[in-house]
Amino acid sequence: MAKERPPFVSFCMGGLSGGTAVVLSNPFEVVKTRYQLQGELPGSQKLYRSLWHAFSTIVREEGLFALQKGLAAGVMFQVVFNGLRIGLFDHVKPLAHVESAPNLSKLLAGASTGCLAAATCSPLYMVKCRLQSQATGAVATAACTQHGYTGVVHGLGCGYTERVAFGVSTSVWMAL
């Protein structure tokens with residue numbers, strides 16, 4: 001039987017995989033988020049005709065680095081989310097052991113680590129989406145809500161103070 005890794009090593013391995021993937025996928029997330037949010041505010045207009053048009057407009061109007069908006073929050077989200085979900089799975093599975101139904105043990109371990117990860121990381125996901133939706137110039141006035149976050153810590157602080165009773169708790173329950 002293989003030697004079991006300590007929980008910290010499992011957490012780091014799960015987190016590293018998610019953190020690495022988000023660096024490559026974040027530009028597509030920015031384009032998707034902007035495309036989904038366009039025209040959502042009363043009186044706003046739809047700026048993008050297609051995903052490719054959204055991609056090229058963001059690069060043309062805001063520069064290439066605009067495609068990496070929200071990257072820090074995305075990396076933090078993925079590291080913690082996958083660290084908890086994947087990294088703790090093997091360590092929770094024995095606690096949820098059901099002798100007569102081994103697959104039920106896996107289901108219970110997966111559900112519990114997944115719920116823990118979703119509840120813990122929901123505020124980071126909200127900040128990531130809000131940072132990705134922030135635009136500059138003409139795009140900012142026509143596209144969607146501008147929250148004015150300067151970074152992850154500022155976004156978490158604003159989110160906490162603005163929505164501690166309703167927003168964060170609602171997003172946690174929605175994530176579950």
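Note that the structure is a prediction, hence the values are computed from the model and not measured.
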Exercise for review: Check whether Leu51 and Phe55 end up in the same hydrophobic cluster, where Ile, Leu, Val, Met, Phe, Trp and Tyr are linked by side-chain heavy atoms less than 4.5 Å apart.
Suggested key: yes
CG (Leu95) and CG (Leu108) are apart, to the nearest 0.5 Å, by 11.0 Å
The reported gap from OG in Ser17 to CG in Asn82 (rounded to nearest 0.5 angstrom) is 5.0 Å
So CG of Leu116 and CZ of Arg85: to nearest 0.5 Å the spacing works out to 12.0 Å
What do you reckon, is NZ of Lys106 surrounded by more than 12 foreign heavy atoms closer than 6.0 Å?
no
Of all heavy-atom pairs linking Ala96 and Ala109, the shortest is CB-N, 4.2 Å
Note to self: So does His53 get a backbone contact from the side chain of Ser56, meaning a donor-acceptor N/O pair under 3.5 Å?
What the structure shows: yes
Cluster check Phe65, Phe28: I/L/V/M/F/W/Y, side chain < 4.5 angstrom = no
Nearest heavy-atom contact between Ala66 and Val30 is O-CG1, 3.7 Å
Margin query: Taking the side chain as everything from C-beta on, heavy atoms only, tell me whether Leu67 gets closer than 4.5 Å to Ile58.
Written below: yes
Residues joined to Val79 in its hydrophobic cluster, side chain to side chain under 4.5 Å directly or through other members, sorted by chain and number, are Val22, Val23, Leu71, Val75
Are Val92 and Ile86 linked, directly or through other ILVMFWY residues, by side chains that come within less than 4.5 angstrom of each other?
no
Salt bridge present between Arg34 and Glu29 (N-O < 4.0 angstrom) = no
Using modelled atom types only, decide if a donor and an acceptor are shared between the side chain of Lys69 and the backbone of Gln134 within a distance under 3.5 Å.
yes
Looking only at heavy atoms, the pair that brings Gly87 and Ser10 closest together is O-CB, 3.1 Å
Looking only at heavy atoms, the pair that brings Cys121 and Phe81 closest together is SG-N, 3.4 Å
So CZ of Phe89 and CG of Leu84: to nearest 0.5 Å the spacing works out to 14.5 Å
Whether the side chain of Ser122 engages the backbone of Ala118 through a donor-acceptor N/O pair (distance < 3.5 Å, no angle test) should be reported. no
CD of Gln78 to CG of Leu124, rounded to nearest 0.5 Å, is 10.5 Å
By side-chain hydrogen bond (donor to acceptor under 3.5 Å, both in side chains), Thr33 pairs with (sequence neighbours left out) Gln132
| field | Within one Ile-Leu-Val-Met-Phe-Trp-Tyr cluster: Leu88 and Phe8, side-chain cutoff 4.5 Å | value | no
To the nearest 0.5 Å, atom CZ of Phe77 lies from atom NZ of Lys128 at 7.0 Å
Notebook entry, point to check: Hey, are the side chains of Val127 and Arg130 touching, using non-hydrogen atoms and a 4.5 Å cut-off?
Noted result: no
